[in-house]
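Encoded as structure tokens, the structure appears first; notes follow it.
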Amino acid sequence: VSQVESREIRRALSPPGRRVPVFSSAMGKAILATWRDEDVLALADRAGLPPLTSKSLRSPEAAMEDIARTRARGWALDDEEFNLGMRCLAAVVWSPLGEAACAISISGAAGRLTPDRLEALGALAGMGRDAVRAQVASALEVVVHLRRVGGRRVVDSIGPLPGVRS
């Protein structure tokens with residue numbers, strides 16, 4: 001977990017690991033977009049949609065519309081929903097097992113992350129996502145063989161991927 005700080009005077013100062021309501025976070029919404037609709041709605045019902053700014057999502061319907069846009073374009077947007085004057089966009093990083101492992105994001109002042117730049121920045125986040133995934137995949141060039149023991153899956157053996165030299 002890391003971040004690169006901007007040299008600009010106004011910048012997003014959110015330390016890695018900080019908790020943010022998932023429906024107000026581009027990273028959270030990127031991961032939610034990988035969930036089934038009924039699971040997203042169940043979370044919205046359980047956790048609620050606490051408004052942090054005047055632009056925060058306030059209804060399950062608005063949240064689902066936002067999730068649909070995220071799925072269609074491949075990246076999520078926090079459009080001043082967490083902090084007025086700041087935007088963040090994020091792309092989900094897939095694990096080698098095909099699960100949403102985390103997300104990579106680009107944050108900045110709304111005046112710099114203008115609507116006309118969002119598509120290009122979304123593509124940039126996607127390139128970062130792909131680079132992170134490639135690094136994770138190369139670090140995990142192993143095959144894990146599982147077997148069932150008493151109804152549980154346990155590791156039987158770990159070895160290199162076929163064709164990968166150690």
Side-chain angles (χ1 to χ4, degrees), residues 1-140:
V1 177
S2 182
Q3 74 182 39
V4 177
E5 287 193 29
S6 171
R7 295 182 308 248
E8 299 290 333
I9 292 172
R10 180 166 173 125
R11 58 185 179 239
L13 296 174
S14 184
R18 180 178 181 195
R19 291 180 180 241
V20 175
V22 69
F23 288 99
S24 298
S25 156
M27 293 177 82
K29 293 192 290 183
I31 291 172
L32 284 178
T34 70
W35 291 16
R36 298 177 316 169
D37 286 354
E38 53 268 24
D39 295 331
V40 175
L41 288 168
L43 178 63
D45 185 50
R46 192 171 57 252
L49 295 162
L52 302 176
T53 74
S54 59
K55 296 188 172 198
S56 296
L57 301 173
R58 296 176 185 261
S59 71
E61 295 78 21
M64 292 311 298
E65 289 171 9
D66 189 72
I67 293 294
R69 284 191 297 275
T70 295
R71 289 172 178 155
R73 68 181 170 231
W75 50 270
L77 176 65
D78 160 7
D79 192 10
E80 302 183 74
E81 297 157 50
F82 177 64
N83 188 355
L84 285 176
M86 300 299 288
R87 284 196 178 104
C88 179
L89 51 90
V92 73
V93 177
W94 297 94
S95 79
L97 299 175
E99 300 166 333
C102 62
I104 187 168
S105 69
I106 299 170
S107 300
R112 287 195 308 275
L113 273 65
T114 55
D116 61 309
R117 295 185 66 206
L118 294 178
E119 284 296 326
L121 292 169
L124 188 61
M127 290 168 54
R129 170 204 57 219
D130 295 343
V132 169
R133 183 160 194 259
Q135 288 294 317
V136 169
S138 68
L140 298 176

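Since the model is a prediction, treat every value here as computed from it, not as a measurement.
- Side chain of S25 to main chain of V22: no donor-acceptor pair is present (N/O by atom type, distance under 3.5 Å, no hydrogens or angles).
- The two residues A125 and L89 make their nearest non-hydrogen contact at CB-CD1, 3.8 Å.
- At least one side-chain heavy atom of S54 sits less than 4.5 Å from a side-chain heavy atom of L84.
- Among T53, L52, L57, the one residue that satisfies the side chain to side chain contact (heavy atoms under 4.5 Å, CB included) test with K55 is T53.
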**Trace of the side-chain contact (heavy atoms from CB on, under 4.5 Å) decision for L121 with W75** = CA-CA 10 Å; L121 292 169; W75 50 270; over 6 Å; no
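- For the atom pair I31 CD1 and E99 CD, the distance stands at 12.0 Å (nearest 0.5 Å).
- Taking both residues in full, the closest heavy atoms of S24 and P50 are given as OG-O, 4.3 Å, listed atom of the first, atom of the second, then distance.
- Between R46 and L43, the closest side-chain pair of non-hydrogen atoms falls below 4.5 Å.
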**Asked** Yes or no on side-chain contact (heavy atoms from CB on, under 4.5 Å) for M27 and V20, after CA distance, side-chain angles and deciding distance?
**Response** CA-CA 10 Å; M27 293 177 82; V20 175; over 6 Å; no
**Request:** Evaluate side-chain contact (heavy atoms from CB on, under 4.5 Å) for F23 paired with D66, printing each intermediate quantity in order.
**Result:** CA-CA 9 Å; F23 288 99; D66 189 72; over 6 Å; no
**Prompt:** Between W35 and I67, is a side-chain contact (heavy atoms from CB on, under 4.5 Å) present by the stated rule, with each step listed?
**Reply:** CA-CA 10 Å; W35 291 16; I67 293 294; over 6 Å; no
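- Under the 4.5 Å side-chain criterion, counting only non-hydrogen atoms from C-beta, R58 is not in contact with L49.
- In this structure, R87 CZ and R112 CZ are separated by 12.0 Å, a value rounded to the nearest 0.5 Å.
- A91 and G74 make their closest contact through CB-O, 4.1 Å (heavy atoms, listed as atom of the first residue, atom of the second, distance).
- Among all heavy-atom pairs drawn from C88 and A26, the shortest one is O-CB, 3.3 Å.
- Across T70 and A33, no two heavy atoms sit closer than the pair CG2-CB, 3.5 Å.
- The two residues P21 and F82 make their nearest non-hydrogen contact at CD-CE1, 4.4 Å.
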